[in-house]
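Only heavy atoms go into these numbers, but all of them, side chains included; no hydrogens, no water, no symmetry mates. Throughout, protein chains are lettered first and strands after them, A, B, ... in sequence-line order, and every chain is numbered starting at 1.
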2 protein chains.
Amino acid sequence: MNPEFHTYKNPSLAVDLVVFGYHNQSLSVLLLNRKDEPFKNGWTLPGGFLQMEETLQQVCNRIMHTKIGIENLYLEQLYSFDEPNRDPRGRVISIAHYALINPERFEIVAGKMANDVQWFPVNQLPALGFDHGLIFDQALQRLKSKILYYPVGFELLDETFTMPELQALYECILGITIDRRNFRRKILDAEYILLTGSKREGSKNRHPDLYKFNKALKQSNFQLNISAQQ
Amino acid sequence: MNPEFHTYKNPSLAVDLVVFGYHNQSLSVLLLNRKDEPFKNGWTLPGGFLQMEETLQQVCNRIMHTKIGIENLYLEQLYSFDEPNRDPRGRVISIAHYALINPERFEIVAGKMANDVQWFPVNQLPALGFDHGLIFDQALQRLKSKILYYPVGFELLDETFTMPELQALYECILGITIDRRNFRRKILDAEYILLTGSKREGSKNRHPDLYKFNKALKQSNFQLNISAQQ
DNA sequence: TCAAAAGTGTTTGTACTACACCCATGC
DNA sequence: GCATGGGTGTAGTACAAACACTTTTGA
């Protein structure tokens with residue numbers, strides 16, 4: 001083994017997670033209320049230290065599992081945060097990730113969720129400890145741009161969904177209003193989704209068509225080019 | 001201090017650099033020929049371990065300075081690579097970055113450059129050690145997309161440059177051919193560059209106008225939307 | 001005056017925006 | 001039958017692609 005290999009003391013390596021969920025037409029983030037210093041009783045993103053034999057994905061799943069009780073979610077690496085004083089306990093470099101979940105799919109969660117874990121709508125966040133405000137901002141920005149060229153929405157919606165539901169999700173994440181007819185045309189032209197043939201029953205108005213994700217599109221890149229209604 | 005804080009053994013933390021340079025109408029990458037195992041006599045990206053008090057930027061600059069003799073370049077964080085067996089010496093997580101330099105600006109480099117450092121055109125790379133082939137691929141892909149919404153070209157060209165030179169850079173990086181008149185219109189419409197008023201002398205043909213980077217644009221986002229000539 | 005590269009403008013087609021009416025459902 | 005939300009088509013406009021001639025220069 002190379003002698004230089006162990007002569008370096010390493011900063012600690014952690015992961016922080018921005019977990020987005022979409023319910024009640026609102027985009028939310030999971031925050032943890034800390035029991036210990038630093039930032040005791042303050043809100044932070046869930047996170048944890050990387051162990052020797054873990055991959056980044058594994059840490060993320062471990063954190064999600066132990067702190068929130070769910071696993072196997074859509075996960076993407078965001079950025080590494082290395083500001084020397086970002087953690088008052090010492091030098092910690094955090095490789096931030098963001099995750100997307102559909103809260104409806106995890107009813108168990110409510111049970112396992114400690115009462116110190118809460119969903120916060122993204123536009124009503126409390127002040128966050130560490131540099132987590134910064135991390136969150138970047139995650140939201142990434143999500144906004146990602147949704148335009150990758151079918152990210154499906155991680156946040158049910159297996160089947162209606163066109164107005166999909167549009168509401170886009171409007172919510174992007175913070176804009178979109179023309180119904182133009183949105184529909186773009187989404188369909190991209191072969192983004194497929195008709196299932198059934199309709200969502202139960203509403204007191206016309207029953208909208210149900211669509212599903214076009215899995216054939218999962219890898220290919222598309223460009224949605226969605227713009228706000230004036 | 002939190003008792004959990006030091007109970008984790010951390011993987012080593014390193015940085016690998018994809019250094020792009022542009023000369024002779026060709027995009028190249030700096031590679032290092034290793035003197036030691038593993039991959040002795042093989043080519044790899046320059047890299048190094050993160051020291052306790054360093055920021056990521058500082059490591060990158062240190063590596064560039066000690067291994068290649070240059071500093072203060074355009075630097076962007078790329079991605080973290082965490083595959084457990086990526087380094088045969090042990091668990092090393094690498095936070096890859098890419099850098100852009102104009103080789104003409106660093107004539108000193110040739111002197112300080114050890115003979116084990118070489119430029120390789122990006123389409124004639126040797127096999128790389130570790131997972132550096134993967135890192136390189138991602139860096140090139142990132143550069144290709146970045147150049148469309150950020151004036152990255154200026155890091156690779158001289159202070160002043162002609163329109164055909166800028167176009168050649170775009171064609172080289174993107175690997176496409178672009179219509180001269182359409183390219184010019186888009187670049188000028190984006191207020192990407194400004195006329196200096198002088199012309200490049202010395203060529204045997206018509207002397208092309210010299211432009212310079214519009215620094216006012218440095219922060220704002222634009223969209224170049226350049227497409228290949230058919 | 002010739003060859004080689006740089007500068008410039010117009011036409012055509014495509015794609016996006018804006019916009020209004022009909023349809024289905026439950027009450 | 002009425003109110004509410006869902007579904008659909010079109011006309012106008014703006015932008016992007018394709019394209020050819022003139023200008024400058026050195027040899």
With nearest nucleotide decided by heavy atoms, which residue, A/Arg181 or B/Ile226, maps closer to the 5′ end of DNA chain D? A/Arg181
Output the rounded distance in Å from CG (A/Leu166) to C1' (D/dG7). 16 Å
Expressed as a whole number of angstroms, how long is the span from B/Asn205:CG to C/dA4:P? 8 Å
Nearest-angstrom distance from the residue atom CG of A/Asn225 to P of D/dA14: 17 Å
Closest nucleotide among C/dC19, D/dG6, C/dG7 to the A/Asp179 side chain: C/dC19
Select base, sugar-phosphate, or nothing to describe what A/Asp209 touches, counting heavy atoms under 4.0 Å on all strands. sugar-phosphate
When all nucleic acid strands are considered with a 4.0 Å heavy-atom cut-off, which category describes A/Thr162: base, sugar-phosphate, or nothing? nothing
Rounded to the nearest Å, what distance is computed from the CZ atom of residue A/Arg180 to the P atom of nucleotide C/dC22? 15 Å
Carboxylate-amine/guanidinium proximity below 4.0 Å for A/Lys212 and A/Asp158: no
Please step through ring-ring contact (aromatic ring centres under 6.0 Å, His included) for the pair A/Phe154 and A/Phe161, ending with a clear verdict. CA-CA 9 Å; A/Phe154 301 97; A/Phe161 49 87; 5.2 Å; yes
What's the closest nucleotide to the side chain of B/Pro164 if the choices are C/dA6, D/dG5, D/dA16? C/dA6
Please report, rounded to the nearest Å, how far the P atom of D/dT8 is from the CG atom of A/Asn182. 14 Å
Tell me which nucleotide among D/dG7, C/dA5, D/dA17 gets nearest to the side chain of A/Met163. D/dG7
Tell me if a side-chain donor or acceptor on A/Thr44 pairs with a main-chain N or O of A/Gly129 at a distance below 3.5 Å. no
Would a line drawn from the ring center of B/Trp119 to the ring center of B/His23 be shorter than 6.0 Å? yes
Toward the 5' end of DNA chain D, by each residue's nearest nucleotide, A/Arg184 or B/Glu201: A/Arg184
Measuring to OP1 and OP2 of D/dT24, would you say a side-chain N or O of B/Lys204 lies under 4.0 angstrom away? no
Determine: side-chain N/O of B/His207 to OP1/OP2 of C/dG7, distance under 4.0 Å, yes or no. no
